[in-house]
Amino acid sequence: MDILPGQGLTLKPRPPFSLELTAGYHTYFRGDYGADTFSDGTYRRLWHREGKPLLATVASSGTTDAPELRVEVRGSQINEDDGRFAVERLAWVLATDADLSGFYSLAQGDPLLAMATQKLRGLHPPHTPTVFESLALAIAGQQVSSVVARIIRTLLIQSFGASHFDGRTYYDFPSPEALAEADMAGLRQAKLSARKAEYIQGIARMVASGSLNLEALRGLSQGEVVERLTHIRGVGRWTADWVMIRALGHPDAFPSGDLALRRTLSLLCLGGRPLTPKEAEDFSGRWSPYRSLATVYLFAASRLGLLPELAQVR
DNA sequence: GGCCAGGTTCGCT
DNA sequence: AGCGAACATGGC
């Protein structure tokens with residue numbers, strides 16, 4: 001077990017940045033969720049590089065306006081390249097380079113967002129390490145309630161993403177290879193429906209075999225991403241929207257089919273009157289070209305129980 | 001026990 | 001194009 005490097009790495013996010021909010025979001029502000037852990041001010045996440053497990057821990061050593069993160073990387077026989085890899089991953093996962101200024105300017109002219117950005121100042125849009133991870137997570141969570149989604153996702157990660165070192169068990173998101181080789185019974189034990197198991201395994205097999213390169217979606221326009229993703233069996237518009245927000249870091253995606261998002265919109269903006277996906281889409285136009293951040297802030301507010309306060313704004 | 005949840009596909013009109 | 005059913009499962 002090595003710790004890298006002795007003197008400690010630092011990461012300087014673009015201010016304002018709140019580790020509490022950004023890392024917290026990964027766990028739905030509950031301490032842990034799947035492979036992500038955030039407790040006692042420390043964010044932990046494991047992933048693999050060239051088959052080697054790397055455990056990164058991050059704690060804040062600055063403030064929201066002068067942010068600085070202390071990073072530690074652990075693993076066996078790790079080298080400086082592993083360290084660089086880990087820091088790069090962290091920068092992406094915590095979106096440390098994200099520029100919030102345009103969104104915050106827009107928010108000044110929108111009472112609801114003004115309140116949300118004030119409450120959630122420094123929240124950067126959290127990203128999944130890989131496109132595959134967000135895609136599989138999204139499919140696992142299709143249609144079911146967030147409570148059920150959490151159960152299914154956690155089981156999936158615990159069943160296929162375990163990694164052992166230093167006498168402990170840690171979890172990474174399962175590799176495409178692991179899910180490609182999984183037997184149907186195992187996937188069903190993770191409470192996936194036969195259909196979802198089939199979707200996820202199908203994608204895992206294509207990625208593992210090299211016939212589908214999800215990482216190549218980076219750099220394509222939103223329209224192209226939607227086009228390509230929705231051609232994959234099991235992936236509809238909702239799933240593509242979430243992948244663009246969570247994995248690709250697109251600025252202006254909006255999952256207008258999302259029931260939770262529509263309910264939030266209904267409560268905060270329409271006094272409880274239900275709205276259709278089309279209406280939600282039209283409504284979201286006012287937040288363009290920052291609709292991804294608007295979505296992230298609304299979900300963060302919801303998970304932190306801030307919706308009642310925000311509902312007062314209008 | 002029935003119905004609804006952070007959808008998607010498939011088979012009908 | 002648009003509509004309904006099926007799909008698993010937890011919670012109210």
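Note that this is a predicted model, so its numbers are computed, not measured. What you see below is based on every heavy atom in this structure, not just the backbone, and it leaves out hydrogens, waters and symmetry mates. Numbers restart at 1 for each chain; the letters A, B, ... are given by sequence-line order, proteins then strands.
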Rounding to a whole Å, what distance do you find between A:E198:CD and C:dA8:C1'?
14 Å
Nearest to side-chain heavy atoms of A:T239, which nucleotide of B:dG7, C:dT9, C:dA8
B:dG7
Applying the 4.5 Å side-chain criterion to the ILVMFWY set and letting contacts propagate, would A:Y199 and A:V207 be lumped into a single cluster?
yes
A:I152 CD1 to C:dG11 C1': how many Å, rounded?
14 Å
Does the side chain of A:K196 get closer than 4.0 angstrom to OP1 or OP2 of B:dT8 through an N or O atom?
no
Tell me if the centroids of the rings in A:F103 and A:Y297 come within less than 6.0 Å of each other.
yes
Interatomic distance where CZ belongs to A:R237 and P belongs to B:dT9 [whole Å]:
13 Å
Give A:A138 one of three labels, base, sugar-phosphate or nothing, depending on what nucleic acid heavy atoms sit under 4.0 Å from its own.
nothing
Between B:dA5, B:dT9, B:dG7, which one does the side chain of A:R233 approach most closely?
B:dT9
Find which nucleotide of DNA chain B each of A:G234 and A:W242 is nearest to by heavy atoms, and output the residue with the more 5' nucleotide.
A:W242
With a non-hydrogen cut-off below 4.0 angstrom, is A:L261 in contact with a base, only sugar-phosphate, or nothing?
nothing
Taken to the nearest whole Å, CD/A:Q143 to C1'/C:dG11 is 14 Å
Can you measure A:L155 atom CG to C:dT9 atom P for me and round it to whole angstrom units?
11 Å
B:dC3 versus C:dA6 - spacing of their C1' atoms, nearest Å:
16 Å
Sticking with atom P, work out how far B:dG6 lies from C:dC3, rounded to a whole angstrom.
23 Å
Give A:I232 one of three labels, base, sugar-phosphate or nothing, depending on what nucleic acid heavy atoms sit under 4.0 Å from its own.
sugar-phosphate
Could you check how far CH2 of A:W238 sits from P of B:dA5, rounded to whole Å?
14 Å
Kindly indicate whether a cation-pi arrangement holds for A:R45 with A:Y43, taking the cut-offs as under 6.0 Å to the six-membered ring centre and within 45° of the axis.
no
Among C:dC7, B:dG6, B:dA5, find the nucleotide with the atom closest to the side chain of A:S193.
C:dC7
From OH of A:Y199 across to C1' of C:dA8 the rounded distance in Å is 13 Å
Single-linkage hydrophobic cluster A:W92~A:V87, side-chain heavy atoms < 4.5 angstrom:
no
Using modelled atom types only, decide if a donor and an acceptor are shared between the side chain of A:Q222 and the backbone of A:M244 within a distance under 3.5 Å.
no
May I ask you to verify whether the side chain of A:R150 and the base of C:dG10 hold a donor-acceptor pair under 3.5 Å?
no
Ring center gap for A:W242 and A:F254 short of 6.0 angstrom:
no
Please determine whether any donor N or O and acceptor N or O are separated by less than 3.5 Å between the side chain of A:R195 and the base of C:dA6.
yes
Take the protein atom CD1 of A:I200 and the nucleotide atom P of C:dA8, then report the distance between them rounded to whole Å.
13 Å
Which part of the nucleic acid, if any, lies within contact of A:L192, taking any heavy atom under 4.0 Å across all strands shown: a base, the sugar-phosphate backbone alone, or nothing?
nothing
